[in-house]
Visitor: 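I am attaching a structure below and will ask some questions about it afterwards.
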Amino acid sequence: MTATTEHTVRVPAPRTAVPSARARRTARRRRLGAAGVLMAPFFLLLITVFLIPVGTAAYLSFYSDDQPGLGFGPERTVFVGLRGYAAVLTDPTFLGGLGTVALYCLIYIPLMVAGALVLALLLDSGVVRLRSFAQLGLFLPHAVPGIIAALIWLYLYTPGISPVVDLFARADITIDFLGVHTVLPSIVNIALWSNLGYNMVVFYAALQAVPREVTEAAVVDGAGPVRTALQVKTPLVRASIVMVAMFTLIWALQLFTEPMLLSQSSPMINSRFSPSMYIYDAAFTRNNYSLAAAASVVLLLCTIALSYGVTRLTSRNSTAEEAR
């Protein structure tokens with residue numbers, strides 16, 4: 001009987017090619033180069049339309065034009081330090097403009113966010129028929145330029161030519177849309193008419209990303225349409241709500257077009273009604289570019305501080321709810 005001996009033949013495992021250090025550096029440079037090419041337009045626009053204007057405004061705020069010799073000598077530019085900022089922060093008209101914009105924000109931002117969210121929830125729930133036409137109709141006012149929108153509403157606000165004012169007069173109702181107590185709500189109405197549809201589209205797009213399984217589970221658990229909208233859908237689009245609120249705040253702090261045009265028909269709106277109008281008046285009416293630059297920097301710092309505060313507050317609330 002012959003014994004057979006089996007030998008196990010081991011096949012060596014294939015070696016994995018390890019890239020050399022030079023190849024890794026080349027690949028890294030290619031990735032960085034591709035990222036740089038893609039990000040170049042953004043940084044170019046950031047530098048051109050933001051950093052350079054901000055740097056120029058900051059530079060101008062520390063200098064002023066002076067004419068020695070009782071105003072008969074040649075004009076020269078002198079360093080004034082923080083004098084422009086002191087003049088702005090102690091000017092009652094600038095502080096009054098800040099107060100006006102603060103009141104405007106307190107009225108406008110909640111109405112804008114709540115109104116746009118309610119419209120988006122109605123469209124998403126299917127209550128509104130002809131959804132596409134409703135979206136188009138609500139969005140169309142945003143396509144109208146701000147100056148044209150202000151002129152339209154100026155026509156509707158002006159007594160003697162306004163069909164709205166005449167309609168109220170026939171009902172023995174006297175209302176002055178540009179009076180001392182109504183001019184700010186009238187400006188808020190113009191802004192709402194122009195921007196409500198745009199923010200509604202933002203919220204509606206966010207609601208489309210909400211999983212339908214979640215809403216169906218809420219309906220199975222006995223939640224009605226209102227409860228589903230407020231307690232299920234709204235918390236899931238919180239990020240969009242924060243974004244819209246922050247962008248609306250930034251836009252509201254730059255209030256300019258509406259009061260500037262309405263000032264032609266209302267004595268309640270002066271040339272320094274808002275900080276932006278104050279800056280315009282200082283630069284192009286009084287030719288005080290140093291004061292205008294200082295006011296611009298102050299307004300920018302206020303905008304940054306408030307935007308940062310909104311972001312921190314919302315992130316803190318989100319963290320607290322997640323901890324629960």
Visitor: If we ignore hydrogens and angles and just use 3.5 Å, is the side chain of Tyr157 paired with the main-chain N or O of Ser186 as donor and acceptor?
Guide: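 It does hold such a pair.
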Visitor: Is there a side-chain contact between Phe168 and Phe177 in this structure, where contact means two heavy atoms from C-beta onward sitting under 4.5 Å apart?
Guide: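 Yes, close enough: below the 4.5 Å cut-off.
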Visitor: What heavy-atom pair brings Ala295 and Ile279 nearest, and what distance separates the two atoms?
Guide: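 It is CB-CG1, 3.7 Å.
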Visitor: Quick check: closest heavy atoms across Leu207 and Arg212, and the distance to 0.1 Å?
Guide: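 That would be O-NH2, 4.0 Å.
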Visitor: Please lay out, stage by stage, how His142 and Val201 fare under the test side chain to side chain contact (heavy atoms under 4.5 Å, CB included).
Guide: CA-CA 11 Å; His142 183 73; Val201 171; over 6 Å; no
Visitor: Carefully, step by step, assess Arg25 and Arg28 under the rule side chain to side chain contact (heavy atoms under 4.5 Å, CB included).
Guide: CA-CA 5 Å; Arg25 287 195 298 267; Arg28 180 184 178 89; 5.6 Å; no
Visitor: For the pair Trp153 and Trp193, name the ring-plane relationship: parallel under 30°, tilted 30 to 60°, perpendicular over 60°.
Guide: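 The rings of Trp153 and Trp193 stand perpendicular, inter-plane angle above 60°.
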Visitor: Check whether more than 12 heavy atoms from other residues, nucleotides or ligands sit under 6.0 Å from atom CZ of Phe284, and answer yes or no.
Guide: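 No.
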Visitor: Go through Tyr85 and Ser61 one step at a time and tell me if the side-chain hydrogen bond (donor to acceptor under 3.5 Å, both in side chains) criterion holds.
Guide: CA-CA 8 Å; Tyr85 294 96; Ser61 65; 2.7 Å; yes
Visitor: Write down the atom of Ile187, the atom of Glu258, and the distance for their closest heavy-atom approach.
Guide: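 That would be CG2-CB, 4.0 Å.
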Visitor: Any idea how Tyr108 and Trp251 line up, ring-wise: parallel (<30°), tilted (30 to 60°), or perpendicular (>60°)?
Guide: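 Taking Trp251 first and then Tyr108, their aromatic rings sit tilted (interplane angle of 30° to 60°).
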Visitor: Between Tyr278 and Asp91, is a side chain to side chain contact (heavy atoms under 4.5 Å, CB included) present by the stated rule, with each step listed?
Guide: CA-CA 11 Å; Tyr278 179 95; Asp91 192 339; 2.7 Å; yes
Visitor: Asp124 side chain to Ala120 main-chain N or O, any donor-acceptor pair under 3.5 Å?
Guide: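 Side chain of Asp124 to backbone of Ala120: no pair is present.
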Visitor: Is there a donor-acceptor pair closer than 3.5 Å between any side-chain N or O of Thr93 and the backbone N or O of Arg272?
Guide: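 Answer holds: no.
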Visitor: As a test of understanding, state which of Val183, Leu95, Leu184 forms a side-chain contact (heavy atoms from CB on, under 4.5 Å) with Thr100.
Guide: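 Testing Thr100 for a side-chain contact (heavy atoms from CB on, under 4.5 Å) against Val183, Leu95, Leu184 leaves exactly one candidate, Leu184.
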